[in-house]
Novice: 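The structure is given below, and queries will be raised subsequently.
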Amino acid sequence: MGTGVSLLACENEGCSSRPRLGDLPEDCVALVLSYLDPPEICKLARVNRAFRGASRADLVWEPKLPSNYCSVMEKVCKDFPETSGKKEIYARLCQPNPFDGGTKKAWLDKGTGGVCLSISSRGLAITGIDDRRYWTYIPTEESRFNTVAYVQQIWWLEVDGEVEFPFPAGTYSLFFRLQLGRASKRLGRRICNNEHVHGWDIKPVRFQLWTSDGHQHATSQCFLDERGRWIQYHAGDFVVDNSNVPTKIKFSMTQIDCTHTKGGLCVDSVLIYPREYRERLKHF
């Protein structure tokens with residue numbers, strides 16, 4: 001009550017010592033910010049100097065990082081200064097970070113902090129890729145890697161790959177990003193050439209993944225029948241229990257029925273996302 005009276009008197013007398021948001025200790029502000037999502041933290045950082053200073057505190061950003069962020073940084077950001085704060089580490093990990101010669105990229109989802117991976121077509125073992133009668137790499141702005149593998153016609157389709165990465169504990173889904181038809185631009189408009197598309201509606205394509213320890217294996221199959229747009233075909237899920245040990249995943253896409261040819265397929269990449277993303281990425 002005494003405080004209320006003094007504040008009221010101060011207000012009536014035009015006193016300028018009334019408490020303001022800027023008077024809050026940065027430690028208290030930082031503690032509040034630590035419970036918010038990154039976009040909300042960035043908005044509140046513009047309120048005043050106290051909020052801006054608190055938004056840089058390590059205790060705000062460390063909960064947003066993967067539990068094994070040190071292992072993730074060592075894998076994809078070896079040149080990053082060790083003295084960097086948690087906010088700088090978070091910002092760096094939210095960028096697509098190339099590794100393994102630029103054939104793979106890893107990043108954090110800004111909304112959830114989940115670890116995501118992408119493996120380019122050049123990082124995959126594609127049977128016959130060196131024979132230009134069948135396969136070729138084509139440049140495109142529609143790929144995260146600015147190039148995709150395109151097969152004009154082939155009898156035997158076999159695409160294999162693997163990745164070893166310090167995934168945080170959780171369940172992950174693996175997808176192949178594919179497109180029937182070859183996209184290009186004409187007069188500023190996107191067009192898709194389906195001239196060579198054939199054979200994918202006769203027998204289904206088989207997708208597989210398995211862990212190197214042999215304890216997990218998943219298989220799925222489906223016909224490729226949607227032309228002119230990129231589709232994420234779900235191969236399966238895998239579980240990571242121990243984030244302190246890198247997890248090695250192998251995966252494949254095959255259609256090896258040699259009774260017919262198939263062609264007109266673009267292979268962009270393989271995507272690995274936390275399973276909660278599956279509903280917006282899966283094809284079937």
Side-chain angles (χ1 to χ4, degrees), residues 100-101 103-104 117-140 142-164 173-184 191-238 248-272 281-284:
D100 284 0
T103 61
K104 302 177 180 70
L117 258 70
S118 182
I119 300 102
S120 75
S121 57
R122 292 186 181 275
L124 304 174
I126 302 176
T127 300
I129 190 64
D130 295 326
D131 193 332
R132 292 296 177 261
R133 293 175 299 173
Y134 308 114
W135 287 92
T136 185
Y137 288 109
I138 58 175
T140 175
E142 298 183 359
S143 170
R144 188 182 295 274
F145 298 92
N146 297 316
T147 184
V148 299
Y150 177 75
V151 58
Q152 181 169 312
Q153 179 172 291
I154 202 167
W155 291 88
W156 180 293
L157 174 74
E158 186 172 14
V159 180
D160 299 298
E162 63 180 48
V163 63
E164 187 173 19
S173 297
L174 186 144
F175 302 83
F176 281 80
R177 186 172 188 259
L178 312 173
Q179 177 182 260
L180 290 179
R182 180 172 178 170
S184 61
I191 60 172
C192 193
N193 186 342
N194 297 317
E195 178 185 0
H196 300 124
V197 177
H198 70 284
W200 304 108
D201 56 347
I202 300 175
K203 290 290 180 67
V205 173
R206 187 183 190 191
F207 303 96
Q208 294 188 85
L209 75 83
W210 56 95
T211 54
S212 58
D213 59 14
H215 293 162
Q216 300 183 64
H217 178 256
T219 302
S220 64
Q221 60 181 18
C222 86
F223 292 94
L224 310 187
D225 54 11
E226 294 194 39
R227 303 185 180 194
R229 70 187 188 95
W230 291 103
I231 304 291
Q232 283 68 237
Y233 292 89
H234 181 229
D237 299 342
F238 63 94
K248 189 173 185 179
I249 302 296
K250 296 184 178 182
F251 44 86
S252 69
M253 174 180 71
T254 56
Q255 214 288 20
I256 55 179
D257 185 340
C258 294
T259 61
H260 67 281
T261 63
K262 41 263 178 188
L265 176 69
C266 286
V267 178
D268 172 39
S269 58
V270 169
L271 303 171
I272 300 177
L281 289 175
K282 73 176 182 179
H283 173 61
F284 58 94

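Only a predicted model underlies this, so the values are computations on that prediction, with no experimental measurement involved. Quick note: numbers below take in every heavy atom, side chains included, and nothing from hydrogens, waters or symmetry partners.
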Novice: When rounded to the nearest 0.5 angstrom, what is the spacing between CD1 in I249 and CD in Q216?
Specialist: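 Nearest 0.5 Å value for the CD1-CD distance: 6.5 Å.
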Novice: Could you list the residues that satisfy ring-ring contact (aromatic ring centres under 6.0 Å, His included) with F176, not counting sequence neighbours?
Specialist: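 Testing F176 for ring-ring contact (aromatic ring centres under 6.0 Å, His included), a comparison that skips the adjacent residues, returns F207.
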Novice: Output all residues satisfying salt bridge (charged side-chain N to carboxylate O under 4.0 Å, His left out) with D130, sequence neighbours left out; order by chain, then residue number.
Specialist: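 Once residues adjacent in sequence are excluded, D130 has no partner under the salt bridge (charged side-chain N to carboxylate O under 4.0 Å, His left out) criterion.
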Novice: Looking at every heavy atom in both N194 and L180, which two are closest together, and how far apart are they?
Specialist: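 Smallest interatomic distance, heavy atoms only, reads OD1-O, 3.8 Å.
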Novice: Within the structure provided, determine whether D225 and D201 are in side-chain contact (heavy-atom separation under 4.5 Å).
Specialist: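 A side-chain contact under 4.5 Å is absent here.
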Novice: For the NZ atom of K104 and the OG atom of S118, what is their distance to the nearest 0.5 Å?
Specialist: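 K104 atom NZ to S118 atom OG measures 10.5 Å (nearest 0.5 Å).
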Novice: Are the side chains of K203 and K262 in contact, using a 4.5 Å heavy-atom criterion?
Specialist: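 No. Closest side-chain heavy atoms not under 4.5 Å.
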Novice: Looking at residues at least two apart in the chain, or sitting in another chain, which of them share a side chain to side chain donor-acceptor pair (under 3.5 Å) with S173?
Specialist: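 Expected list: D237.
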Novice: Could you tell me the separation between the CD atom of Q179 and the SG atom of C192, rounded to the nearest 0.5 Å?
Specialist: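 Taking CD in Q179 and SG in C192, the distance rounds to 4.5 Å.
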Novice: Restricting to side chain to side chain donor-acceptor pair (under 3.5 Å), what partner residues turn up for R132, sequence neighbours left out?
Specialist: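 Counting only residues at least two positions away or on another chain, R132 forms no side chain to side chain donor-acceptor pair (under 3.5 Å).
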Novice: Quick one: does any side-chain atom of S120 pair with a main-chain N or O of T103 as donor and acceptor, under 3.5 Å?
Specialist: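 Present.
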Novice: Check whether any side-chain heavy atom of Q255 sits under 4.5 Å from a side-chain heavy atom of H260, and report yes or no.
Specialist: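 Yes, close enough: below the 4.5 Å cut-off.
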Novice: Nearest 0.5 Å please: distance from the CD atom of Q232 over to the CG atom of L271.
Specialist: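 Nearest 0.5 Å value for the CD-CG distance: 6.0 Å.
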Novice: Any idea which heavy atoms bring Y150 and G264 closest together, and the distance?
Specialist: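 Heavy atoms only, the tightest pair is OH-CA, 3.6 Å.
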Novice: Kindly write out the residues that satisfy side chain to side chain donor-acceptor pair (under 3.5 Å) with S143, not counting sequence neighbours, or none if the list is empty.
Specialist: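 For S143 the side chain to side chain donor-acceptor pair (under 3.5 Å) partners, ignoring immediate neighbours, are D268.
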Novice: Between the side chain of E162 and the main-chain N/O of E164, is any donor-acceptor distance below 3.5 Å?
Specialist: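 Flag not set: sc E162 to bb E164 has no pair under 3.5 Å.
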Novice: Do you know the tightest heavy-atom contact between Y137 and I129?
Specialist: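 In this case the closest contact between Y137 and I129 is OH-CG1, 3.5 Å.
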Novice: For K250, enumerate each residue passing the side chain to side chain donor-acceptor pair (under 3.5 Å) test, keeping only those at least two apart in sequence or located in another chain.
Specialist: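 Listed in chain order: nothing, the list is empty.
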Novice: To check you understand the geometry: which heavy-atom pair defines the closest contact between I119 and I272, and what is its length?
Specialist: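 Taking I119 first and I272 second, the nearest heavy atoms are CD1-CD1, 4.3 Å.
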Novice: Could you tell me whether the side chain of E142 reaches within less than 4.5 Å of the side chain of W230, counting heavy atoms only?
Specialist: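 Yes, at least one pair of side-chain atoms sits under 4.5 Å.
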Novice: What's the separation between atom OH in Y233 and atom OG in S220, rounded to the nearest 0.5 Å?
Specialist: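 Here the rounded value is 11.5 Å.
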Novice: Are any of the side-chain heavy atoms of I191 and S184 separated by less than 4.5 Å?
Specialist: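 Counting from C-beta outward, I191 and S184 do come under 4.5 Å.
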Novice: Is any side-chain heavy atom of Y134 less than 4.5 Å from a side-chain heavy atom of T261?
Specialist: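 No, every pair of side-chain atoms sits at 4.5 Å or beyond.
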Novice: Using side-chain heavy atoms (C-beta onward) and a distance below 4.5 Å, is V267 in contact with L178?
Specialist: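 They are in side-chain contact.
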Novice: Please round to the nearest 0.5 Å and tell me the distance separating atom CD of E158 and atom OG1 of T254.
Specialist: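 Interatomic distance, E158 CD to T254 OG1, rounded to 0.5 Å: 7.0 Å.
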Novice: How close do A149 and I126 get, counting heavy atoms only, and between which atoms?
Specialist: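 Result for this residue pair: CB-CD1, 3.9 Å.
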Novice: Within the distance-only criterion (no hydrogens, no angle test), does the side chain of H196 pair as donor or acceptor with the backbone N or O of Q152 below 3.5 angstrom?
Specialist: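 No; zero donor-acceptor contacts below 3.5 Å.
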Novice: Spell out, as yes or no, whether a donor-acceptor pair under 3.5 Å connects the side chain of W210 to the backbone of F251.
Specialist: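 No; judged by distance alone, with no hydrogens or angles, the pair does not exist.
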Novice: Less than 4.5 Å apart, side chain to side chain, heavy atoms only: is that true for E195 and R182?
Specialist: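 When only atoms from C-beta onward are counted, R182 and E195 do not touch, as no gap falls below 4.5 Å.
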Novice: Using every non-hydrogen atom in the two residues, find where L124 and G161 come nearest and quote the distance to one decimal.
Specialist: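 Smallest interatomic distance, heavy atoms only, reads CD2-CA, 4.2 Å.
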